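Single-structure report; data block below.
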Amino acid sequence: MVFSPFAAMIAPIAVALTVGLLGWTYRALKPPPPKICGSPDGPPVTSPRIKLSDGRHLAYREAGVPREEAKYKIVVIHGFGSSKDLNLPASEELVEELRIYFLFFDRSGYGDSDPNPSRSVKSEAYDVQELADKLQIGSKFYVIGISMGASYFDNGFSHFYRLAGASLVVPFVNYWWPCLPANLSNDAFSRLLAQDQWSFRVAHYTPWLFYWWMSQKWFPSLSILAGNMAIFSQSDLEILKKWSEAPSVGQEKIQQQGVYESLHRDIMVSYGKWEFDPMDLINPFPNNEGSVHIWQGYEDRIIQFQVNRYLSEKLPWIYYHEVPDGGHLLIFESKNCEAVLRELVQR
């Protein structure tokens, strides 16, 4: 047999390439560890926090009238890419008139709240309940869930034993809910930008690939993070213009613990396989001692109105409000925000 130096080199080269490829794949798929607030490598804790029963911390902010003087106490659940520092444009006069106390908080992985590696739709509903208990905000409280923040509350109706009422504002929808007719979910899904359709498919079918998908540069990923303004209605664009002229406090802290633990995990949980179906929801107020509302913008390009309209028709105990000129950011218009508040506490 003739010895070939070239043939002898092939095996180690192949092994080296294989090991290198595996190493690259591992690094590409594995998200970086979170920079937990208060840890040596993490940002400082700058907000009041409570410690949950599992050891995590939840950051919060109080607003409105003092809680001990309030007639109505409302927990606000922020949406995707937001935080406890969001500003609801309700006038001071209305807040004083209705005697409203607001409790805002950073959801898991956002702002100053610790990440939750076991985060699910159900876990965040329990976080709200425990936050209200720890702060002793009273025997009854209301909830306003905004966009993706509303989805985490959907599963909480049966767990919020002190619930006085709820408003789900432009609530998120999962296009893989079994309760949705195929023609409705397919039509609504097809109206999304192609890059968003692919991002949501990855989150639903292969969540272990999602960090890579959001980090790679070959294909366009989620439009809202890429700055694609085509997803916003005209009224949304006007609100965004006002925000750009006067940015709200705390925006720089939203992703400070890592984009994966805040934004990416939000998408993965929301578009993953849910532990329940919305049609399984039971009216929490069978004796009309409270009310549940859905507020949907007709011009919303992020959440298609047809889906939430259908759900409210199938769950007639939910009061459905469709705002003709409203977009996805409808609650950040003063007239809409005040209408949401009045309907919630005075219905």
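This structure is a prediction, so every number in the text was calculated from the model and none was measured.
When side chains are defined from C-beta on, Tyr60 counts as touching Leu103, because their heavy atoms get closer than 4.5 Å. For the pair Gln257/Pro115, a side-chain contact is recorded, criterion being any heavy-atom separation below 4.5 Å from C-beta on. At least one side-chain heavy atom of Asp277 sits under 4.5 Å from a side-chain heavy atom of Asp280. Using a 4.5 Å heavy-atom threshold, the side chains of Gln234 and Leu237 count as touching. Side-chain contact between Gln346 and Leu98: present, with at least one pair of heavy atoms (C-beta onward) separated by less than 4.5 Å. Here the side chains of Leu192 and Arg301 are not in contact, with every heavy-atom distance at 4.5 Å or above.
Side-chain atoms of Ser221 and Gln195 include no donor-acceptor pair closer than 3.5 Å. Side chain to side chain, Gln256 and Asp112 meet the donor-acceptor criterion of an N or O pair below 3.5 Å. Using a 3.5 Å distance cut-off with no hydrogens or angles, the side chains of Ser108 and Arg56 do pair a donor with an acceptor. With 3.5 Å as the limit, one finds a donor-acceptor pair spanning the side chains of Ser199 and Trp213. A side-chain donor from one of Asp196 and Ser223 sits under 3.5 Å from a side-chain acceptor of the other. Side-chain atoms of Lys253 and Ser83 include no donor-acceptor pair closer than 3.5 Å. A side-chain donor-acceptor contact under 3.5 Å links Asp300 and His328.
Ion pairing between a basic and an acidic side chain is recognised when a charged N comes within 4.0 Å of a carboxylate O; Arg49 and Asp114 show such pairing. Under the 4.0 Å criterion applied to side-chain N and carboxylate O atoms, Asp41 and Lys35 are not assigned as salt-bridge partners.
Here the options are Leu311, Ile294, Val307, the test is side chain to side chain contact (heavy atoms under 4.5 Å, CB included), and the partner is Pro171; only Ile294 passes.
Using a 30° and 60° split on the angle between ring planes, Phe172 and Trp274 fall in the parallel class, below 30°. Using cut-offs of 30° and 60° on the angle between ring planes, the pair Tyr211 and Tyr260 is perpendicular. Using the six-membered ring where Trp is involved, Tyr175 and Tyr271 have ring planes that are parallel, under 30° apart on the 30 and 60° scheme.
Two different hydrophobic clusters hold Ile36 and Leu58 under the rule that ILVMFWY side chains link at heavy-atom gaps under 4.5 Å. Residues Val45 and Leu52 do not share a hydrophobic cluster, defined by chaining ILVMFWY side chains whose heavy atoms lie under 4.5 Å apart.
Looking only at distances, no side-chain donor or acceptor of Gln255 sits under 3.5 Å from a matching main-chain atom of Leu263. The main-chain N or O of Trp218 is found under 3.5 Å from a side-chain atom of Gln216 such that the two form a donor-acceptor pair.
The ring of Trp295 has its center no closer than 6.0 angstrom to the ring center of Tyr319. Two rings, from Tyr320 and Phe305, have their centers 6.0 Å or more apart. Aromatic pair Tyr110/His78: ring centres closer than 6.0 Å. For Phe210 and His264, the gap between ring centers is short of 6.0 Å.
Other residues, nucleotides and ligands contribute at most 12 non-hydrogen atoms within 6.0 Å of the CD atom of Gln136. Heavy-atom neighbours of Lys273 NZ from other residues, nucleotides or ligands within 6.0 Å: above the threshold of 12.
The nearest pair of heavy atoms linking Gln296 to Leu330 is C-CD2, 3.8 Å. For the pair Val173 and Ile303, the tightest heavy-atom approach, listed with the atom from each and the gap, is N-CD1, 4.0 Å. The two atoms that bring Val170 and Gly327 nearest to each other are CG1-O, 4.0 Å, heavy atoms only.
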